[in-house]
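What you are looking at is a predicted structure, and each value in this text was computed from that prediction instead of being measured. By convention in this document, chain letters (A, B, ...) are assigned in the order of the sequence lines, proteins followed by strands, and residues within each chain are numbered from 1.
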Amino acid sequence: MVEKKDERYEDSDLYRIRHSAAHIMAQAVMEMFPGEVKIAIGPPIAEGFYYDFELPRSLTPEDLEVIEKRMLEIIGKDFEYAFEVISAEKAKEIFADQPYKIELIEGLEAGGVDEYGTPTDEAPEISIYTQDTFTDLCRGPHVARTGEINPDGLKLLNVAGAYWRGDENRPMLQRIYGTAWQSADDLEQFLWRREEAAKRDHRRLGRELDLFSTNEDVGPGLILWHPKGGMVRKIAEDYCRAEHEKAGYEFVYSPHIGKSKLWETSGHLQWFKEKMYAPLDIEGQEYYLKPMNCPFHVQIYKSNKRSYRDLPLRYAEWGTVYRYERSGVLHGLLRVRGFTQDDAHHFCRPDQMPEEIDKVLKFTLDILRAFGFEKFQAYLSTRNPEKAAGDLDDWDSSTKALRDSLDRSGIPYQIDEGEAVFYGPKIDIKLLDALGREWQLSTIQFDFNLPESFDLSYIGEDGKEHRPVMIHRALLGSMERFMGVLIEHYAGAFPVWLAPVQAVVIPIADRHLGHAERIAKRLKSSGFRVDVDARGDRMNAKIRHAQLQKIPYMLVVGDREAKTDSVSVRQRSGEDMGAMPFEEFEAILVSDVAPYR
RNA sequence: GCCCUCAUAGCUCAGACGGUAGAGCACGUUCUUGGUAAGAACGGGGUCAUGGGUUCAAUUCCCAUUGAGGGCUCCA
């Protein structure tokens with residue numbers, strides 16, 4: 001990002017340039033299909049702009065070249081942007097043959113929402129911008145003249161389908177994405193970042209590093225973990241389990257299916273059914289594949305009378321759940337149909353709640369930091385009146401409890417109005433990766449619905465039954481998504497503690513194989529993951545192979561090393577650390593992984 | 001699910017007016033025994049995603065299905 005820090009994007013020159021570029025694109029498209037184009041909206045977005053059109057035919061990449069060429073001509077003519085405030089009647093006249101614009105104008109007239117559907121306080125005035133032959137309904141702002149757009153900073157990117165107003169019941173439009181920058185350099189940097197992101201794509205790295213795959217016969221959205229990916233995941237899980245144990249969690253296991261009665265009681269069949277798979281018939285009883293683990297944990301809680309002295313109870317499970325996702329939304333490891341949550345449920349007394357939320361928030365951030373993530377943004381999701389179980393007081397008090405805890409934690413947060421799940425408000429934590437991209441993993445959810453519907457209780461100091469409160473949380477979220485994020489964050493070059501192979505021993509000639517095997521054996525017996533590259537290739541090829549596999553250390557051994565029981569160490573950064581005694585290298589490995597043992 | 005695009009060897013991709021296919025990498029064998037990012041030769045490997053249709057003939061054209069990619073929407 002190159003915007004100035006304290007300036008809002010909406011106020012920046014870049015925003016005007018992109019907004020204006022969108023208009024110029026619309027003009028070019030309208031000229032391409034005279035009288036046949038219905039224009040929708042075309043705003044600037046984070047790194048560019050788009051415009052949605054209804055067109056007589058599908059656009060091709062060649063069309064984009066033509067449109068881009070025409071845009072450069074329009075820019076070259078240096079047309080002025082004329083701004084005018086007009087009445088709704090006049091606007092309807094101007095856009096008489098543009099049904100989408102008419103709908104927008106009617107929306108503006110009614111007030112309350114702006115042209116992009118965002119709620120506004122006062123009824124906005126209606127304005128138009130005109131450049132050359134093209135007039136668009138628009139509140140601006142724009143650059144003063146088309147010539148202010150740098151033609152070398154402009155590029156059209158791709159075409160995609162998009163529903164009018166994002167509503168799948170409305171017409172499907174064609175959206176052209178483009179980007180515009182102040183300089184050719186900025187554009188180049190942007191394209192470089194895109195390329196870098198493509199290189200880090202976890203689907204590509206998953207194949208190249210032999211971490212995981214999917215398979216047509218297995219089914220879409222279902223992941224097969226290969227030994228290398230499985231190792232990374234195991235290390236991550238082992239580390240987390242140990243931390244959970246230290247933090248007072250107990251481990252439980254639950255089955256993958258449960259009878260329909262369970263899901264009726266829990267409310268899932270009422271609130272979550274569209275994400276659940278069709279039931280299985282077992283001896284005339286209906287069973288459902290689990291979309292969540294909570295009802296099982298609740299039953300474990302219920303298996304005994306609980307005393308106030310027992311609380312809080314924290315049940316953790318790496319539980320694999322299955323949820324129906326529409327085929328078009330599946331994406332690598334990030335959006336799948338079967339995934340394993342690092343799930344846990346806390347049962348506590350109401351008075352323990354604030355402290356419990358504080359603890360789990362801190363625990364979450366500690367774990368994420370351990371994996372190398374430093375920047376976070378939290379979101380507090382509040383009640384959705386359409387989709388909410390339980391009574392309003394509970395929602396209010398629990399939302400307040402979450403907000404108070406966020407305030408105490410000091411991490412920045414936003415409110416997501418109406419985004420809560422059916423059983424309670426929640427905090428979602430998103431993290432920023434090495435490329436500054438935002439990912440949602442962690443979720444901490446208040447749940448007062450299940451204690452109620454399963455009639456949970458504990459015996460208080462007063463000898464009477466009381467209702468416990470429940471927190472439902474996943475820290476890494478799903479292991480699948482987390483691994484996807486981790487792969488992209490590190491571009492596949494996992495830190496030593498997570499690397500599936502931490503070092504590879506490379507014998508220079510066959511006669512050094514014995515020494516290589518001995519080195520590997522000693523490191524393995526100290527608990528390190530070490531391979532010997534015994535293939536018939538030359539040393540150079542083996543080093544190249546290890547580099548491409550992003551193995552942290554390459555240990556070259558030849559005559560000199562065999563004689564002195566040493567290894568020559570090359571790091572995957574390319575740095576040659578030279579020869580060192582075996583013990584010295586082992587100490588390096590030990591210190592690399594020390595914080596995680 | 002919807003719109004658009006795509007599917008040829010394990011991977012990345014060529015290919016032909018419709019006449020059953022090729023490269024590089026990977027894999028195997030042999031030669032080479034090397035000092036920090038690819039040594040060489042030879043070899044095995046494809047029902048051209050699946051099912052229909054058109055045709056003398058389909059991997060190629062058409063339809064459907066499955067899967068993948070870019071979006072919309074949604075979320076862990």
Looking for any heavy atom pair under 4.0 Å, which part of the strands does [X] touch: base, sugar-phosphate only, or nothing?
{"X": "A/Glu575", "value": "nothing"}
{"X": "A/Val159", "value": "nothing"}
{"X": "A/Gly166", "value": "sugar-phosphate"}
{"X": "A/Val336", "value": "base"}
{"X": "A/Lys426", "value": "sugar-phosphate"}
{"X": "A/His512", "value": "nothing"}
{"X": "A/Arg335", "value": "base"}
{"X": "A/Lys275", "value": "sugar-phosphate"}
{"X": "A/Ala474", "value": "nothing"}
{"X": "A/Asn215", "value": "nothing"}
{"X": "A/Leu441", "value": "sugar-phosphate"}
{"X": "A/Gly161", "value": "base"}
{"X": "A/Asn540", "value": "sugar-phosphate"}

Proximity to the side chain of A/Gln440 - top-ranked nucleotide from B/G39, B/A76, B/G70: B/A76

Can you check the distance between [N] and [M], where both ends of the measurement are the [atom1] atom (answer in whole Å)?
{"N": "B/A16", "M": "B/G69", "atom1": "C1'", "result": "26 Å"}
{"N": "B/A49", "M": "B/U8", "atom1": "C1'", "result": "10 Å"}
{"N": "B/G28", "M": "B/A9", "atom1": "C1'", "result": "15 Å"}

Are [X] and [Y], when compared by the centres of their aromatic rings, separated by less than 6.0 Å?
{"X": "A/Tyr51", "Y": "A/Phe53", "value": "yes"}
{"X": "A/Tyr315", "Y": "A/Phe251", "value": "no"}
{"X": "A/Phe371", "Y": "A/His489", "value": "no"}

Residues which pass side-chain contact (heavy atoms from CB on, under 4.5 Å) with A/Lys362, listed by chain and number, not counting sequence neighbours: A/Asp366

Non-neighbouring partners of A/Pro56 that pass side-chain contact (heavy atoms from CB on, under 4.5 Å), sequence neighbours left out: A/Phe33, A/Glu36

[N] phosphate, OP1 or OP2, under 4.0 Å from [X] side-chain N/O:
{"X": "A/Arg570", "N": "B/A37", "answer": "yes"}
{"X": "A/His331", "N": "B/G71", "answer": "no"}
{"X": "A/Ser327", "N": "B/G1", "answer": "yes"}

To the nearest angstrom, how far is [X] atom [atom1] from [N] atom [atom2]?
{"X": "A/Asn158", "N": "B/C3", "atom1": "CG", "atom2": "P", "answer": "18 Å"}
{"X": "A/Arg535", "N": "B/U32", "atom1": "CZ", "atom2": "P", "answer": "20 Å"}
{"X": "A/Met479", "N": "B/A76", "atom1": "CE", "atom2": "C1'", "answer": "12 Å"}
{"X": "A/Leu476", "N": "B/A76", "atom1": "CG", "atom2": "C1'", "answer": "11 Å"}
{"X": "A/Arg326", "N": "B/C3", "atom1": "CZ", "atom2": "P", "answer": "12 Å"}
{"X": "A/Asp416", "N": "B/C75", "atom1": "CG", "atom2": "C1'", "answer": "12 Å"}
{"X": "A/Phe212", "N": "B/C11", "atom1": "CZ", "atom2": "P", "answer": "14 Å"}
{"X": "A/Arg544", "N": "B/G24", "atom1": "CZ", "atom2": "P", "answer": "15 Å"}

Can you find a pair of side-chain heavy atoms, one from [X] and one from [Y], that are under 4.5 Å apart?
{"X": "A/Gln547", "Y": "A/Arg570", "value": "yes"}
{"X": "A/Arg323", "Y": "A/Arg337", "value": "no"}
{"X": "A/Leu475", "Y": "A/Phe482", "value": "no"}
{"X": "A/Arg165", "Y": "A/Asp52", "value": "no"}
{"X": "A/Leu64", "Y": "A/Val159", "value": "yes"}

Determine whether any donor atom in the side chain of [X] lies under 3.5 Å from an acceptor atom in the base of [N], or the reverse, and answer yes or no.
{"X": "A/Tyr163", "N": "B/C2", "answer": "yes"}
{"X": "A/Ser568", "N": "B/G35", "answer": "yes"}
{"X": "A/Tyr324", "N": "B/G1", "answer": "no"}
{"X": "A/Arg323", "N": "B/C75", "answer": "no"}
{"X": "A/Arg481", "N": "B/C75", "answer": "yes"}
{"X": "A/Glu325", "N": "B/A76", "answer": "yes"}
{"X": "A/Arg203", "N": "B/A68", "answer": "no"}

Cation-pi geometry met for A/Lys290 and A/Tyr322 (6.0 Å, 45°): no

Using nucleotides 46-49 of chain B, report all nitrogen or oxygen pairs with the protein that are shorter than 3.5 Å.
none

Distance-only side-chain donor-acceptor flag, A/Tyr239 / A/Arg241, under 3.5 Å: no

Under the side chain to side chain donor-acceptor pair (under 3.5 Å) test, residues paired with A/Tyr413 that sit two or more places apart: A/Asp407

Parallel, tilted or perpendicular: rings of A/His472 and A/His345 (30°, 60°): perpendicular

Given RNA chain B, 5'-ward residue of the pair A/Gly558 and A/Ser478, judged by closest heavy atom: A/Gly558

Contacting residues from residues 167-177 of chain A, given that a heavy atom lies under 4.0 angstrom of RNA chain B: A/Met172, A/Arg175, A/Tyr177

Trace of the ring-ring contact (aromatic ring centres under 6.0 Å, His included) decision for A/Phe363 with A/Tyr249: CA-CA 12 Å; A/Phe363 185 58; A/Tyr249 286 87; 5.7 Å; yes

Identified stems (criterion: three or more consecutive Watson-Crick or G-U pairs, under 3.5 Å), RNA chain B: B:1-7 with B:66-72, B:10-13 with B:22-25, B:27-31 with B:39-43, B:49-53 with B:61-65

